[in-house]
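The next block holds one structure in the form of structure tokens; read it before the comments.
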Amino acid sequence: MVKGSKVKWGIMGTGVIAEQFVTDLAFTSTGTPYAVGSRQMSKAVDFASRFGIPKAYGSYKELIEDPEVDVVYIATPHRYHLENSLNSLRAGKAVLCEKPITVNRQELEELISEAKARDLFLMEAMWMLFLPPMRQALEWITEGRIGEVRLVQAEFGFVGDGEPEGRLLNPELAGGALLDVGVYPVALATAIYGSQPSQIMSTSSIGETGVDEQFSALLTYDSGKSASLHGSITLGMRNEAVIHGTEGCIVLPSMNKAPSAILYKEGQEVENYSDERQGKGYEYEADEVGRSLLEGRKECEWLAPNWSLEVMRLLDALRAQWGLKYPFE
């Protein structure tokens with residue numbers, strides 16, 4: 001139960017994504033940063049000082065036990081999402097957890113069960129799907145502006161730091177291209193088709209540390225619809241998505257940031273939609289959580305935990321084809 005007119009956010013983790021999220025909270029109408037927690041007090045104090053956050057804690061436990069915190073934003077490495085989310089729920093806190101919300105389907109099922117048992121809000125921080133141009137693209141599809149969608153092409157890749165012990169390449173931290181960047185094209189295909197593919201053909205390049213550094217997947221859905229998805233942490237890609245329909249197509253430049261959505265008919269641009277965001281775009285998902293909590297809802301109306309479960313099923317299926325398991329699984 002939110003005590004005031006705005007939700008008070010507790011930030012778990014002090015990395016780059018946490019910095020971006022907190023910066024964008026300034027552009028929301030529903031929330032305010034209240035506390036930050038880190039495993040090192042010095043990092044928490046520095047983070048709080050830089051972003052004007054009232055409370056700083058040197059442990060995650062202290063953060064989630066603060067009675068003033070309404071919701072916890074979890075920005076820790078993938079491997080710890082389940083533990084951090086479960087602990088937050090058990091402390092009576094609503095949870096917004098960075099993507100991927102867990103490492104596998106079994107973990108997510110446990111997390112969803114906990115949230116339901118405690119009647120608490122839970123959502124995956126799939127910020128891409130809350131961006132106005134992305135919402136416009138999905139609305140165009142619903143309206144039939146490009147006819148029946150038959151093909152989704154989406155890619156996301158960048159050149160990582162190559163550090164074997166770092167987050168991207170370390171199997172102990174659930175590193176690899178699929179869970180870090182591949183979740184975006186997989187999420188987009190799931191949002192558009194709304195079902196699991198009937199056939200999956202995929203390939204991956206497993207690096208020296210034992211994680212996938214690059215992958216490609218061709219998914220076949222009912223009635224011959226398909227998706228061609230690609231991800232990499234060793235290649236700089238255009239990060240573009242193209243949604244092809246029987247009467248046109250939609251182009252999403254820089255898919256994950258979705259600065260615009262462009263509608264084409266017969267090869268000609270007919271509409272170009274962009275928003276006037278003040279931040280990087282994290283404010284939209286934050287406001288969705290804020291509105292949900294202020295209105296007493298336990299899940300996002302169109303991005304519920306069961307939707308994340310469908311994405312996780314597909315991620316698991318791809319890893320199964322590659323024989324990729326993390327040491328802790």
- Do any N or O atoms from the side chain of D46 and from the backbone of S42 form a donor-acceptor pair under 3.5 angstrom? no
- Are L173 and Y80 side-chain neighbours, meaning at least one heavy-atom pair lies under 4.5 Å? yes
- Query: Less than 4.0 Å between a side-chain N and a carboxylate O, is that true for K99 and E285?
  - Reply: no
- Candidates E68, K6, K55 - the one meeting side chain to side chain donor-acceptor pair (under 3.5 Å) with Y34: K55
- ILVMFWY network linking I17 to M255, side-chain heavy atoms under 4.5 angstrom: yes
- Task: Could you check if a side-chain atom of D316 sits within less than 4.5 angstrom of a side-chain atom of R319, using non-hydrogen atoms only?
- Result: yes
- Would the Y273 and W140 ring centres measure less than 6.0 Å apart? no
- So, Y193 side chain and S226 main chain: donor-acceptor pair closer than 3.5 Å or not? yes
- Message: Between E172 and R79, does any NZ, NE, NH1 or NH2 come within less than 4.0 Å of an OD or OE carboxylate oxygen?
- Response: yes
- Query: Would L318 and I200 count as a side-chain contact (heavy atoms from CB on, under 4.5 Å) if you check the C-alpha gap in whole Å, the side-chain angles of each, and the deciding distance to 0.1 Å?
  - Reply: CA-CA 8 Å; L318 289 167; I200 300 172; 3.6 Å; yes
- Message: Taking V186's backbone N and O only, do any of them form a donor-acceptor pair with T190's side chain (distance below 3.5 Å, no angle check)?
- Response: yes
Indicate every side-chain donor-acceptor pair of residues 264-271 with a distance under 3.5 Å to a residue at least two apart or in another chain.
| residue | atom | partner | partner atom | Å |
| --- | --- | --- | --- | --- |
| K265 | NZ | R145 | O | 2.3 |
| E271 | OE1 | R145 | NH2 | 3.0 |

- Message: Any salt bridge linking E109 with R105? Criterion: basic side-chain nitrogen under 4.0 Å from a carboxylate oxygen.
- Response: yes
- Are the side chain of T28 and the backbone N or O of G31 linked by a donor-acceptor pair below 3.5 Å? yes
- Message: Assess the residue pair E213 and T234 against the criterion (side chain to side chain donor-acceptor pair (under 3.5 Å)); give the C-alpha distance rounded to whole Å, side-chain angles, the decisive distance to 0.1 Å, and a yes or no.
- Response: CA-CA 6 Å; E213 297 182 354; T234 58; 4.9 Å; no
- Query: Is the shortest heavy-atom distance from the side chain of I233 to the side chain of F158 under 4.5 Å?
  - Reply: yes
- Message: Students often mix this up, so state it plainly: with edges at 30° and 60°, are the rings of Y282 and F21 parallel, tilted or perpendicular?
- Response: perpendicular
- Message: Does this structure show an ion pair linking R167 with D180, if we count only N-O contacts that are shorter than 4.0 Å?
- Response: yes
- Task: Indicate yes or no: does R277 engage E283 in a salt bridge with an N to O separation below 4.0 Å.
- Result: no
- One should read off an interatomic distance between L315 CG and L108 CG, to the nearest 0.5 angstrom, of 10.5 Å
